[in-house]
Amino acid sequence: MPGSLFQIGRSGAAAARASLEVTSQNIANASNPDYARRTLSSRELVGISASGNGVLNGVRIEGITRFDSAIVQQQARQSASELARADTELAALRDTELALEQSSLFEGLVEFEAVLTQLEGNPLEPALRTNALETGRQLASTFQFANSTLATARGQVQASTAISLDEANLQAAELARINQNLANARDGTAGQAALLDARDAALRALSQEVGIETEFDSRGAVTVRLADASGAAGPLLVDGLTSSDITSTTAPDGTVSFAVGGAAVTPARGALAGQAAALDAQADYQIELDAIAAEIIALSNAAQASGADADGNPGQPFFTGTGAADIELALTSGTQLATAPAGSPAGSTNTTNLASFVASIGGDDGPIARTDTLLLGLSSRISAQEVTRTGLAAIAENAQATLLTETGVDLDTEAANLIRLQQAFEANSRVMQVATEIFDTLLGLR
Amino acid sequence: MSFVSNATGAFYERSLIQMSDLRDSLERLQTQIATGVRLSRGSEDPAAASRLRTLARTERLSEVQEDNADKLARDLDEAGDEAQGVANLLARARELAIQAANDTTGESGRAAIAEEIALLEEELFDRANAQTLTGEPLFAGTAAGPAFVREADGSVTYNGNSEIPTVPVAPGTELERGVTGAQLFQFDVGGTPTSAFAVLSTLSAALQPGVADPTAAAQAALEGIDAAIDTTTRNQTVLGTRLAWVGVIQDDQLDRSLTVAEQQSDLGDTDLSDAIVRLQQTQVALEASQASFTRVSNLTLFNAL
């Protein structure tokens, strides 16, 4: 039957053409990270004739198949989420390190110790006394500077927490919308494949911000739970067509806590988890910084109280304030430095009181040692965190590569497909040509 | 359809990560070479950074302690000079006393001797009240000074105290700045406390014309002058020993600051030859991976179409 032959050729050519279009689409999206490669699935078309025998009718396009692997996607998301947590925490801790190191608190304390030691060598020299006093003033402002740089670092983390939160809520709402569209999409259509791409992209963006657990239904719609650090099932973030907002509360010490629909949650992964951990750490460092400032204030004022100044008067408090934020120099003149023990007459060169003050500053658990411990603790933590981050980055890269291998576009394969499909198209047109020739032959019979 | 594919995106991603890693380490090495500093932040090597902080503190304190030691050496030197002056002066007083004890010296001669001894006593008083370059009394202990005051009746009393100021010159080492006036000028003669001033002024008074038995008085004064000379010599030795000690400590300080500088350099400075070789190596690796990236990325079927 030339008509049937023509029909077979036409359907084959159409299928080859459609496949070529899919291949071109794959090539066009080769560098789109959210795109999963597609193929066109087709099926033999067999008609039933009146006699009950099968009639060959060519090929039928069945639909677009999108390569997908839920497990690999899940692994890639989770590892990227872990990496985002480590990255965020590391960046915030580095800011903190910069704040505390660049404030030169340690150097300021050492300088204070040094000028006091120098004063011991020549306790009545007015220049040295003034120098000691001004170094004390400098130390107070160094504490304030360290305090404000730490506050700036904390402010930056808090600002990025707000951004992450907005982004997470936005993606959750987007997922609820995608769920709705997926419910209406026809199976095997390009539209459905595009929606699934959008769904995976949104899940990926969401898991960058906060760790999630996902479940998919037969239509591809997703149910998202927050992953809680305790391992217990977290609250629902996206359930069918509805999404809930994550809310945050900032405590007076700068730490932040999260809740979904009133249920408290501690994010296990993602930028939000990193930011929360960094804020906790910064609150600890703030406490320690204030404690060191308070110790300097207490030691200086106690030393002043137990001594006599250059005029033989009882020593007055060195600093006012209670912490790094409000430490201020209280003395107004170098003469007021109580270098001599209490009860000494004016002009005494006895430096016993000063010597014990210097010893208390430089002692094994004095403010200088504590500052060193603070900096050492912070830099060790960062150093350890960097090792963890390197490991997580390797895992995340691996998972990403696996995902790309599974779902990404291989240009060589697509190029081969182009040639194959082009040949298929040409072969099918040849079939149509043969059908035409046969028909012509039949018509030409005399 | 194959299930194992070599996704193009994966290839580019891998290459990108590898090359940016290499670039990162190149830049780090370049910074190390340019700044000469191995650690730009503490977290690069927390232990070394903490050690560097301790060393920086040691360095700063050493500077101050060196200053203190210099000042102490000057003070001790000056105290030593004054003590030497006192010793010379007492030796002259002894000569004069011997001369006065001689019966052949006439009354007018003794009067002249009395005059000179009175002047020597004045000079002794001045030397006892000598000050350091920065204006503090050398021999008043920790008191504000002056070290000795002359009372209305002409006698001299010690105004200072018995505390000797100490100066920190090395970690854990505090040296005494000198000797007190009491140590240098006051002593016992025959169980009775007296002072060089009292010995000289008594002698001077005894040699005035009209005083009975000046020879015996001069003889008696010799014992006091000898005791004064003994005391002075002993204190000169103390001052000399302290000065020598300061010298030793200054040598130590020099050694220590060299060691500190060496350790700082070991811990914190870029090892140039090492860094340059590594830079070269990393550069070769980066160039090679860039070249192979270009070649591999050119290997696409599309070139054959």
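Proteins get letters first, then strands, A, B, ... in listed order; numbering begins at 1 in each. All values derive from a computational prediction rather than experimental measurement.
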Problem - Which atom of B:S50 lies closest to which atom of A:L376, heavy atoms considered - result: CB-CD1, 3.8 Å
Problem - Any side-chain heavy-atom pair of B:F11 and A:L404 under 4.5 Å - result: no
Practice task
In plain terms, say whether B:R41 and A:E101 are close enough for a salt bridge, that is, a side-chain N and a carboxylate O under 4.0 Å apart.
Solution key: no
Handout entry: Heavy-atom proximity to chain A below 4.5 Å, by part of B:I164
Key = neither
Practice task
Would you name the heavy atoms of A:I382 and B:S43 that are closest together and state the gap between them?
Solution key: CG2-CB, 3.4 Å
Exercise for the section: State, to 0.1 Å, how close B:T134 and A:N122 come at their nearest heavy-atom pair, and which atoms those are. Expected result: CG2-ND2, 3.5 Å
Completion exercise
Counting heavy-atom pairs under 4.5 angstrom with chain A, the leader among B:N68, B:V167, B:T300, B:D45 is B:N68
Problem - Contacting region of A:I27 [heavy-atom separation from chain B under 4.5 Å] - result: side chain
Practice task
Answer yes when B:R57 and A:E113 have at least one side-chain N-carboxylate O distance shorter than 4.0 Å, and no when they do not.
Solution key: yes
Completion exercise
If one checks every heavy atom of B:A49 against chain A at 4.5 Å, the contacting part turns out to be neither
Handout entry: Closest heavy-atom pair and its distance - B:L301, A:A416
Key = CD1-N, 3.7 Å
Completion exercise
Looking only at heavy atoms, the pair that brings A:E120 and B:R177 closest together is O-NH2, 3.9 Å
